[in-house]
Amino acid sequence: MLAAAAALPAQAQTHPATPPASGVVAASATNAVVEKEYQALLAEDDAAQAEVDRWIVENNAFKAKGAGAPDAELNARIRTRFDKVRSGYERFIAAHPDHVRARLAYGSLLSDLQDELGARVQWEKALELDPGNPAVYNNLAGAYSETGQVEKTFEFFAKAIELKPDEALYYHNFANSLWVLRKAGLKYYKLDEQQVFTKCLGLFSNACRLDPANFPFASDLAQSYYALQPLPFETALKAWTNALSLAHDDLERDGVFVHLARVKMLAGQYKDARRQLGAVKNPSYERLKTSLLLSIEEREHPKPATNAPPTANPAKP
């Protein structure tokens, strides 16, 4: 943060300062009040999100012990908590209908509450008010991807990146949507499937380049290599090794170990794959770990093929 500029000493002021017009002062004061209201609204939104997250974590912990509230009861409690925030946004936007950031934030809240239509209405109004805002294009692209409007999805993600090419999230969101909508991407971009996968990989790579410490971005990039034929083993291993260095906890690390084992198995490095799986301790990966060990065994000791005809069933007496 920049320090506030120091006031000029009295002796340096050779001319009296010209007072600003009263209209400018009034507008500035009004803007300050509006901004204060908006920041208070965001703070209340964040507080509600944090409180709801805590409820969910606590309820899951109680459920693991055989207790906990039913999902319907918890969802009703969550809705009630967010109703207060929702009402605050509605009052603010009614008073300040041209406030783009409020419409963006309110749309995000509505999206979290599965009110996709309401979110889209807010973001489309924000686009009308500020057609050069990259966040609006990003949000609308995601909304259009959910409704199957593929042309708008691809065009709006591209526009968001054009307006703000240094925002990692836009590349990541675009890559995820194109991956899901890849069949439509074949026609839209006039590419074959492998070329679409390569385009996705390039978008994931840009997200990682711009936000190199982001574990989910690194993990998604590493996973995208599975779609390439042939699988570039060394590149994939480097990508997963990078993701491992960014993992935050044992659960994420164990997930990466599983992927490293899978890539090594596909590369024929069975001994290393087994050793990698030996590092996986979290019970949530036990089923996948067992499946991979079985696959390694089958690859190491394939059953001999036989051309013998099947044995006929004995005739019933």
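Hydrophobic clustering (ILVMFWY, side-chain heavy atoms < 4.5 Å, transitive): Y170 and L104 are in distinct clusters. Under a hydrophobic clustering in which Ile, Leu, Val, Met, Phe, Trp and Tyr are joined whenever their side-chain heavy atoms come within less than 4.5 Å, directly or via other members, V136 and L163 fall into the same cluster. The hydrophobic clustering, which links ILVMFWY residues whose side-chain heavy atoms are closer than 4.5 Å, places L201 and L191 apart.
Taking 4.0 Å as the cut-off between side-chain N and carboxylate O, R91 and E37 do not count as a salt-bridged pair. Under 4.0 Å is where a charged nitrogen must lie from a carboxylate oxygen, and between R86 and D83 no such pair does. We find that E234 and K238 are not joined by a salt bridge, their nearest charged nitrogen and carboxylate oxygen being 4.0 Å or further apart. Salt-bridge formation is detected for the pair K164/D166: a Lys NZ or Arg NE/NH1/NH2 atom is positioned less than 4.0 Å from an Asp or Glu carboxylate oxygen. Using a cut-off of 4.0 Å between Lys/Arg side-chain N and Asp/Glu carboxylate O, R120 and D115 are scored as not salt-bridged.
Note that CZ of F154 and NZ of K199 are 9.5 Å apart. Values are rounded to the nearest 0.5 Å. For the atom pair CG of L246 and OG1 of T241, the computed distance is 11.0 Å after rounding to the nearest 0.5 Å. Considering NE2 of H172 and CG of N214, their distance stands at 7.0 Å, rounded to 0.5 Å. Rounded to the nearest 0.5 angstrom, M265 CE and E300 CD are separated by 11.0 Å.
Using the six-membered ring where Trp is involved, F92 and H99 have ring planes that are perpendicular, over 60° apart on the 30 and 60° scheme. Aromatic ring orientation, F215 versus H248: perpendicular (interplanar angle above 60°, classes split at 30° and 60°).
In terms of heavy-atom proximity, L181 sits nearest to V150 at CD1-CG1, 3.9 Å. Residue R299 comes nearest to P302 through the heavy atom pair O-CD, 3.5 Å, listed as atom of the first residue, atom of the second, then distance. Between G142 and F157 the shortest heavy-atom distance is N-CZ, 3.9 Å. The shortest heavy-atom contact between Y137 and P131 is OH-O, 2.9 Å. Taking both residues in full, the closest heavy atoms of G185 and L178 are given as CA-CD1, 4.1 Å, listed atom of the first, atom of the second, then distance. Taking both residues in full, the closest heavy atoms of S284 and L251 are given as OG-CD1, 3.7 Å, listed atom of the first, atom of the second, then distance.
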Checklist line | Test log, rule side chain to side chain donor-acceptor pair (under 3.5 Å), inputs N173 and N138 | finding: CA-CA 8 Å; N173 290 347; N138 172 75; 3.1 Å; yes
Note to self: The test is side chain to side chain donor-acceptor pair (under 3.5 Å); show your working for Y89 and D45 and say whether it passes.
What the structure shows: CA-CA 9 Å; Y89 276 116; D45 191 343; 2.7 Å; yes
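Between Q223 and S219, some side-chain heavy-atom pair lies under the 4.5 Å cut-off.
Within a 6.0 Å sphere centred on OH of Y189, other residues, nucleotides and ligands contribute more than 12 heavy atoms. Atom CD of Q39 has more than 12 neighbouring heavy atoms from other residues, nucleotides or ligands inside a 6.0 Å radius.
A side-chain hydrogen bond (donor to acceptor under 3.5 Å, both in side chains) with Y106 is found for exactly one of Q122, E90, R101, K125, namely E90.
Taking the six-membered ring where the residue is Trp, the centroids of W240 and Y225 are separated by 6.0 Å or more. Checked against the 6.0 Å centroid threshold, Y226 and H259 count as a close aromatic pair. Side-chain rings of Y171 and F204 stay apart, their centers remaining 6.0 Å or farther from each other.
Under a 3.5 Å cut-off, the side chain of S111 and the backbone N or O of G107 do not form any donor-acceptor pair.
For the pair R103 and W123, the cation-pi criterion (under 6.0 Å, within 45° of the ring axis) is not fulfilled.
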